[in-house]
Amino acid sequence: MPGPTELAPQYNPQTVEGGLYRTWMERGAFAPTTGPGREPYVIVIPPPNVTGVLHMGHGLNNTIQDVLIRFERSRGRETLWLPGTDHAGIATQNVVERLIAKEGKTRFDLGRPAFVERVWAFVRETGSTILEQLKQIGASCDWSRTRFTLDPAYTRAVREVFVRLWEERLIYRGHRVIHWCPRCLTALSDEEAESKDIEGKLYYIHYPLTDGPDHLTVATTRPETLLGDTAVVVHPDDPRGAPFIGKRVKLPITGIEIPVLADDSVDKEFGTGFVKVTPAHDASDFEIGLRRGLAMPLIMRENGTLGDDGGDRKGDAAPRVPAELVGLDRFEARKKIVKLLEAQGLLAKVESRIHAVRHCYRCDSIVEPRLSDQWFVKMKPLAEPVLDCYRRGEITIVPERWNATFLNWMENIRDWNISRQLWWGHRIPIFTCTKCKHEWADREDRTTCPKCGGPVEQDADVLDTWFSSWLWPFATLGWPDDTPDLRRYYPGHTLVTAPEILFFWVARMLMAGFHFMGKKPFTTVYLTGTVRDTQHRRMSKSLGNGIDPLDVVRLYGADALRWTLIAGGSLGADVILDPDDLETTFAPGRNFANKLWNIARFLLPHLPAEAVRLETIDPGTLTLADRWILSRAEGAVAEATKALEQFRLDEATKRCFEFAWGELADWYVETVKPRLAAGDASARAASAVLLHSWDTVLRLLHPIVPFITEELWQKLPGRRPGDLLITAPWPSPETRRIDARVEAEFGAVQQAITAIRNIRAEYRVSPKTRLAAAIRASGPAARGVFESERETIVRLAQLESVTSDGAALQGAHAVLSDGSEVVVALTGAIDLGQECRRLSDELTRLDKQLDGLAAKLANEQFTSRAPADVVAKERQKEQAWRTQRDALAGKLAALGCG
RNA sequence: GGGCGAAUAGCUCAGUUGGUUCAGAGCGCCUGCCUUACACGCAGGAAGUCGGGGGUUCGAAUCCCUCUUCGCCCACCA
């Protein structure tokens, strides 16, 4: 048996964490444990980008998942935490494009097949990095079920879904203005084009009439788009418009003539009342263009440079971009056009303006609205079943304040642009016959047309990454096949993720779950907070304010990292960490782990060689302290369990902390020390109670700090080979052990000890000095308690002795809340004036408190209106305070104070 | 322009259905201690008009209104 003295005085996480994790893996502790009566509990990981590296957001999010999984695992659920990665279309393609750019190449130099192979090579090499990093923070995922959204089986699911939606006519080709990233060269969904307020300018531009000297003035933030204008509109009720409606104006620079039309979509309050209409480069202008049958010329190319690029020309194919502007970048073009306008005297004025502009969520470029053909999913039919279920309360979002946001989005859902002009991703399975133009979606790759046998072409585009991740809860389990995993682990239970992907991912998973599985994919959505620095800025690589979770693991241990993340923020609240002071940020967790380690260093030599069941201990040998700590242990079990069930991980953590440190270590261990050496029945009882309490602490804390608890639990007596805390049962609540009277009695002992310590500190008594003290109990019951706990009081208050005869002593006084009096003999050291002041201050405080309470109880309004139990409680309180107060007053009188 | 959240000790945050030993914790600070589990510790202590103002109530950090500051989400006002 390893002697506990072998434990170093300080816990070193580095020496144990790796080994413990390997042990868990080798023993298959992460796999679901099947058995009679075991109900599944399933969490699917939000799959991180396959090129990603672990950041604090992952740390927070995955620690929460791990806590929940470990909690439910120990409660006997058949837990599955399913891990994996996302191929992350745009993000990954960008990473590899940057790589080959260093070789001076673009993806077009390589060609599609070679480029895709290059990405695969990169993914094969680095794709498991982030999953390996998750292991370092203790994530107990079932790695045997790791999935990747481009796995062949997963790809099959994506394709099946696409074809089904096609067959249901929920996928359609849309010809409209979409968000286009000129840097990534792809279309984006509405969600992927993030609105950000930026400082821009509003340009007022004159458009001269064709038939006279007059002009009208339009206002725009994007003057370069005037090249693509095909109308000017004004509200029909706007008096400023009347002279112009039906006339034609000349576009500056090109002189192209366009009509002035009335359209009631115009906001009369904004700008000049006249709106230039660029149907191919603005979503709302496109709507106007549709209504009015306008031409829609594209005047910008895909890469954001000016140039005629087709569009709907209505037969007018004449160039709209003057030769000298062709090829200019859009922002250069803007400057140039502004100059030209100035030169022609057509620029009326320029105003500064802060306005929302869409940015690419991957590269942050300003998104260009652009008319194009894309594939869309019709979302309303998919949203309805989710909304029904949600309104029935069958899906819970915590914290619930997100409900409104979620509902608002779902109720106003818009169709989803799913095609991306990328190479990395799931190729869109739409085929077109070049001969008969038949177009269809297919589960298999085809080379000939099923209708006419002609040659076919597959759509060149790939699907939005989220079109694969929305299937994650069932595609990972083998769908569309009817697999045992799918039957067993769908639907899952808790989904833990960041609020920023509520729409991208969570809402769509719900829709896919209903549509393809007929059931919601999970019951609770837990939305985490955001990890920020002390200036409340989001941690990010670009700001350089991040903390590398692996640095923290290296410096302080995974448990310390988890501790800070879990204890540091409540449900859904942001977690603020200080990148400039890791020590202060993570020391509490490290210190706590070390405390546990040292409790073990003390305990282990004193525990029975075999596990002694508490039930075998003669209850008569249990002391007050024994019964107290057992009662507190059960309280901790009950409260921690409840807190975890309500996702209040921070509360559970704090309660366990208080029990382990504030109750078990600070009080029980201290009271029990002398008994342990005796080797008698009392010692046996003490060690059994210690073992029970300690075992309980380790089980309760394991989900939060799995490494230190597993390490220490392994050292407990009675462990058989193969026993692991990770799979050991959660403490079963034994509420019969909760004993309010015991807690009150021991509470009085604690109060007496604290009062004496307090006096010692106040009178600066050296710790080496042993004083005599006396306690005059408030009644026979209290007297019994103090007498039986005499030794404890003497030791913990560092006294020479304590008697029941307070009258015999001169010294410093204190009155406990039950009215018992404590006297500490301090003959020479006592300054009567100071003592009087000290006690009368206390009396004043009590009197004030009592006055308030008495007034309240005398208030007819209160006694008649407040609930009876509240009134009764207040009366009891008054009684107790009065006892305490009277005792104190008596003491003051006895001392002859003022 | 809408909607939401936050504002409590120097710092980071708890405080669940409104009830005076709930004004708390950790870190930091002050005092004294290396008391053979732990100085990553022990004992004791100072510190907050619970953002401002108004209201409801017998009673409010807790409910309502309003203002201020910060943050987030949504939105086709060019």
Side-chain angles (χ1 to χ4, degrees), chain A residues 4 7 9-11 177 195 202 218-222 225 265-267 269-271 274-278 282-287 355-356 369 399 401-402 404-405 408-409 412 499-500 502-503 530 532 534 536-538 556 564 567-570 572-578 581 583-585 587-588 590-605 646 648 650-651 654 657-658 665-666 669-670 673 754 757-758 760-762 764-768 795-796 798 817 845-846 848-850 852-853 855-856 859-867 870-871 873-874 877 880-881 884:
Chain A
L7 297 188
Q10 271 192 13
Y11 172 56
V177 170
S195 288
L202 187 61
V218 299
T220 179
T221 53
R222 295 191 296 153
T225 60
S265 68
V266 176
D267 179 353
E269 308 305 315
F270 186 88
F274 293 99
V275 179
K276 61 191 275 306
V277 180
T278 324
D282 183 282
S284 55
D285 289 2
F286 172 76
E287 297 297 326
H355 62 136
R401 72 183 123 90
W402 287 101
T405 307
N408 181 54
W409 189 79
N412 298 294
E500 56 258 35
L502 182 58
F503 308 141
T530 306
R532 299 175 184 280
T534 48
H536 294 228
R537 300 177 305 179
R538 177 186 227 92
Y556 308 107
T564 294
S570 61
D574 289 351
V575 178
I576 311 296
L577 304 176
D578 187 351
D581 191 355
E583 171 81 13
T584 296
T585 307
R590 176 201 59 183
N591 295 353
F592 181 57
N594 194 238
K595 185 71 179 183
L596 293 175
W597 180 259
N598 276 292
I599 294 171
R601 287 216 307 149
F602 169 78
L603 287 186
L604 291 173
Q646 297 173 344
R648 291 306 307 264
D650 58 321
E651 277 188 9
K654 283 165 189 161
F657 171 84
E658 176 56 23
D666 286 351
V669 165
E670 292 305 326
K673 276 177 177 173
T754 302
R757 284 172 174 170
N758 201 313
R760 295 186 64 112
E762 197 152 335
R764 310 228 174 278
V765 178
S766 156
K768 297 207 165 56
R795 212 160 39 78
L796 297 192
Q798 291 177 283
S817 62
R845 190 184 67 84
L846 275 171
K848 218 173 129 188
Q849 223 169 252
L850 259 172
L853 192 53
K856 187 182 198 179
N859 186 339
E860 173 64 23
Q861 300 282 0
F862 172 68
T863 48
S864 62
R865 293 195 196 188
V870 170
V871 177
K873 229 169 71 185
E874 298 296 273
K877 210 185 294 176
W881 290 0
Q884 186 179 1

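Below, all heavy atoms of this structure are taken into account, side chains as well, without hydrogens, waters or symmetry copies. Proteins come first, then strands; the chains are lettered A, B, ... in the order of their sequence lines, and each starts at number 1. What you see is a predicted model; the values in this text were computed from it and never measured.
Going from the P atom of G45(B) to that of A25(B) covers 11 Å, rounded to whole Å. The P atoms of A43(B) and A37(B) are separated by 14 Å, rounded to the nearest whole Å. Straight-line distance between the C1' atoms of G51(B) and A7(B): roughly 6 Å, to the nearest whole Å. Here, U66(B) and C72(B) have their C1' atoms 23 Å apart, quoted to the whole Å. The same atom, P, is picked in G48(B) and in A9(B); the two are 10 Å apart, to the nearest Å. Comparing the same atom, P, in U49(B) and in U8(B) gives a spacing of 12 Å after rounding to whole Å. Here the separation of C76(B) from U69(B), taken at their C1' atoms, is 31 Å to the nearest Å. Nucleotides A47(B) and A39(B) are separated by 24 Å at their C1' atoms, to the nearest Å.
Residue N758(A) places at least one side-chain N or O closer than 4.0 Å to OP1 or OP2 of G45(B). Using a 4.0 Å cut-off, some side-chain N or O of K768(A) falls inside it from OP1 or OP2 of C34(B). Using a 4.0 Å cut-off, some side-chain N or O of N591(A) falls inside it from OP1 or OP2 of G41(B). Taking 4.0 angstrom as the limit, S570(A) places a side-chain polar atom (N or O) nearer than this to OP1 or OP2 of A14(B). An OP1 or OP2 oxygen of G15(B) is reached within less than 4.0 angstrom by a side-chain nitrogen or oxygen of R648(A). For A37(B), the OP1/OP2 oxygens have a side-chain nitrogen or oxygen of K673(A) closer than 4.0 Å. Between K654(A) and the phosphate of G24(B), there is no side-chain N or O to OP1/OP2 separation shorter than 4.0 Å.
The base of A37(B) is paired with the side chain of E670(A) by a donor and an acceptor separated by under 3.5 Å.
Distance, W409(A) CH2 to G2(B) P: 24 Å, rounded to whole Å. Rounded to a whole Å, the CD atom of E658(A) is 14 Å from the P atom of G24(B). Atom NZ of K856(A) is separated from atom C1' of U57(B) by 12 Å (rounded to the nearest Å).
If you check every strand for non-hydrogen atoms under 4.0 Å, R764(A) touches sugar and phosphate atoms only. Contact annotation for W881(A): base contact, defined as any heavy-atom pair under 4.0 Å involving a base atom. Within the nucleic acid shown, R401(A) comes within 4.0 Å of sugar-phosphate atoms alone, with no base atom in reach, counting heavy atoms only. Residue-level contact check: A567(A) touches neither bases nor backbone, having no heavy atom under 4.0 Å from any strand. Heavy atoms of D666(A) sit under 4.0 angstrom from primed sugar atoms or phosphate atoms, though from no base atom. Contacts of T585(A) with the nucleic acid, taken as non-hydrogen atoms under 4.0 Å apart, are absent.
If you check G26(B), C73(B), C33(B) against the side chain of P767(A), the one that comes closest is C33(B). Distance from the side chain of P588(A) is smallest to C27(B) among C74(B), C27(B), A75(B). Nearest nucleotide to the side chain of R532(A), out of A43(B), G71(B), G19(B): G71(B).
S570(A) and D650(A) get closest at one heavy-atom pair: CB-OD2, 3.1 Å.
The partner of A6(B) is U69(B), judged by Watson-Crick or G-U wobble contacts that both fall below 3.5 Å. Across all strands shown, G44(B) forms a Watson-Crick or G-U wobble pair, both distances under 3.5 Å, with C30(B). Base-pair partner of G19(B): C58(B) (Watson-Crick or G-U wobble, both distances under 3.5 Å). Base pairing of U36(B): no nucleotide in any strand meets the Watson-Crick or G-U wobble criterion (both distances under 3.5 Å).
Cation-pi geometry between K595(A) and F657(A) is not satisfied (NZ or CZ under 6.0 Å from the ring centre, within 45° of the ring normal).
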